[in-house]
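In what follows, a single structure is set out as structure tokens and then discussed.
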Amino acid sequence: MRLERLIGILSILLQKDRATTAELAEKFEVSRRTIIRDIDAINMAGIPIASEKGRGGGMYIMSSYKLDRTVLSSEEMKSILAGLQSLDSVSGTNRYKQLMDKLSAGGSNLNENSGNIIIDLAGWDKSGLSEKIDLIKSAMESGETIAFCYYAPSGDSRREIEPYHLIFQWSGWYVWGYCLMRGDYRMFKLSRMAELKRTGRSREEREVPEYICDKFYHTENEIQATVRFDKSVRWRLGDEYGGDGLVVHENGDVERTFTWSDVPSFFEYILTFGDKAEIISPTEYRDQLKELVKKIYDKY
């Protein structure tokens, strides 16, 4: 907590010319004596802070001190604020906004117009997601494994992993870690996890590789197919793929060649387009999807 407070004091003094001990004490909810000790610690760290008494006085960073280029500008701090507020959407609290409120100096424009950008990282089940994120974070901080039941297209399984990263990508939350069952690093989607718990078992000492985000990560036994889409759903392809790899026909319809992990999950995806998508090749996939659609029809 003290380190956070010291960083906060520096941030305030960088954003405004002066600040009194009373202002800082109220901002960080500590005594004036504590603030004075913090100022002494900052001075000992090599950042010269001077003070003046009387009206308009207060503490300030000496102008002769050359600030490093890594000092954040007001616009950069606003960007940090937007990012921290987005984390509140999954934490179930306002703790990240409160942190930025402490870092922002009274009278500064750091929070001005910050409400213009709203980033909601939570899904529909906000409470369940927040609980999972908090549990995984606590397990990572304590260096222990987590266990859960995982639901995937390939089937259900019970897993125990050493978690190393919480990741938000592809419009969802994932945990990346070493899977004890597979003996390798794997990614797991939080929405597919059930019965999540900390095991109390410490993770092994490992040389953890760097996590690399690869949106088009390929797997063994992957398949390829070309699909033609009605022009009315081109917007969706733009949402999901950014318009890359699209072949546009004269009438506005589009084609795209997909690389997919397996046939069943590929069919599931294509069926979400209803009658607005048609597999062009290979022929065997057309025939297999036709049989699947017939089975669906027979049920009704």
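Values below: every heavy atom of this structure, side chains too, minus hydrogens, waters and symmetry copies. Everything numeric in this text was worked out from a predicted model, so none of it was measured.
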message = Using the rule given for side-chain contact (heavy atoms from CB on, under 4.5 Å), can you reason through Met187 versus Ile167, listing the C-alpha separation, both sets of side-chain angles and the distance that settles it, and then say yes or no?
response = CA-CA 9 Å; Met187 185 99 97; Ile167 301 162; 3.9 Å; yes
task = Start with the C-alpha gap between Ile161 and Tyr150, add the side-chain angles, then the distance that decides, and say whether side-chain contact (heavy atoms from CB on, under 4.5 Å) holds.
result = CA-CA 12 Å; Ile161 71 167; Tyr150 195 65; over 6 Å; no
key: From CA spacing to verdict: side-chain contact (heavy atoms from CB on, under 4.5 Å), Lys295, Lys299   = CA-CA 6 Å; Lys295 290 179 181 178; Lys299 281 193 173 182; over 6 Å; no
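In this structure, the separation between CZ on Arg182 and CG on Asp184 is 10.5 Å, given to the nearest 0.5 Å. Interatomic distance, CG of Leu292 versus CD of Glu268, reported as 9.0 Å (0.5 Å rounding). A distance of 10.5 Å separates CD of Glu29 from NZ of Lys27, quoted to the nearest 0.5 Å. Taking CZ of Phe28 as the start and CG of Asp38 as the end, the distance is 8.5 Å to the nearest 0.5 Å. How far CG of Leu180 is from OG1 of Thr199: 8.5 Å, rounded to the nearest 0.5 Å. Rounding to the nearest 0.5 Å gives a distance of 8.0 Å between OG of Ser142 and CZ of Arg203.
Taking the six-membered ring for Trp and the full ring otherwise, the centers of Phe229 and Phe273 sit less than 6.0 Å from each other.
Put simply, the side chain of Thr21 does not reach to within 4.5 Å of the side chain of Ile39, judged on heavy atoms. Looking only at side-chain heavy atoms (C-beta outward), Glu23 and Ile12 stay at 4.5 Å or farther from each other. Between Phe266 and Val227, the closest side-chain pair of non-hydrogen atoms falls below 4.5 Å. Residues Lys294 and Lys290 have side chains not in contact (no heavy-atom distance under 4.5 Å, counting atoms from C-beta outward). The shortest side-chain heavy-atom distance between Ile136 and Leu196 falls under the 4.5 Å cut-off. You'll find the side chain of Val248 reaches within 4.5 Å of the side chain of Arg234, heavy atoms only.
Following chains of ILVMFWY side-chain contacts shorter than 4.5 Å, one can reach Ile223 starting from Phe267, so the two form part of one hydrophobic cluster. The hydrophobic clustering, which links ILVMFWY residues whose side-chain heavy atoms are closer than 4.5 Å, places Leu271 and Tyr297 apart. A single hydrophobic cluster is not seen to contain both Phe148 and Met181; linkage of ILVMFWY side chains at heavy-atom distances under 4.5 Å, directly or through other members, places them apart. A continuous path of Ile, Leu, Val, Met, Phe, Trp and Tyr side chains, each step under 4.5 Å between heavy atoms, connects Tyr269 with Tyr285, placing both in one hydrophobic cluster. At a threshold of 4.5 Å between side-chain heavy atoms, the hydrophobic network of Ile, Leu, Val, Met, Phe, Trp and Tyr places Ile61 and Ile35 in one connected group.
Asp253 contributes a side-chain N or O that, together with a main-chain N or O of Lys231, makes up a donor-acceptor pair within less than 3.5 Å. Counting only distance, with no hydrogens or angles, the side chain of Asn43 and the backbone of Ile49 share a donor-acceptor pair below 3.5 Å. Within the 3.5 Å criterion, the main-chain N or O of Met193 finds a donor-acceptor partner in the side chain of Lys132. Listed for the Arg256 side chain is no donor-acceptor partner under 3.5 Å among the backbone atoms of Gly245. For the pair Glu255 (side chain) and Thr226 (backbone), a donor-acceptor distance under 3.5 Å is absent. In terms of modelled atom types and a separation under 3.5 Å, the side chain of Arg158 and the main chain of Ala147 share no donor-acceptor contact.
More than 12 heavy-atom neighbours from other residues, nucleotides or ligands sit within 6.0 angstrom of CD on Glu284. By the neighbour-count criterion of 12 heavy atoms within 6.0 Å, atom CZ of Arg18 is densely surrounded, having more than that number from other residues, nucleotides or ligands.
For the pair Leu135 and Ser138, the tightest heavy-atom approach, listed with the atom from each and the gap, is O-OG, 2.7 Å. Shown here for Met59 and Leu24, the closest heavy-atom pair between the two residues is CE-CD1, 3.7 Å. Among all heavy-atom pairs drawn from Ile146 and Ala139, the shortest one is CG2-CB, 3.5 Å. Of all heavy-atom pairs spanning Arg186 and Cys179, the tightest one is CG-CB, 4.0 Å. Taking all atoms of both residues into account, the shortest heavy-atom contact from Arg32 to Ala22 is NE-N, 4.2 Å.
Side-chain contact check for Thr145 and Glu160: at least one donor-acceptor pair (N or O, by modelled atom type) lies under 3.5 Å. Arg236 and Thr272 are linked by a side-chain donor-acceptor pair at a separation below 3.5 angstrom, with hydrogens and angles left out of the test.
Below 30°, between 30° and 60°, or above 60°: for Trp176 and Tyr185 the angle between ring planes is below 30°, a parallel geometry.
Seen from the ring of Tyr178, Arg206 counts as a face-on cation partner, given the 6.0 Å and 45° thresholds.
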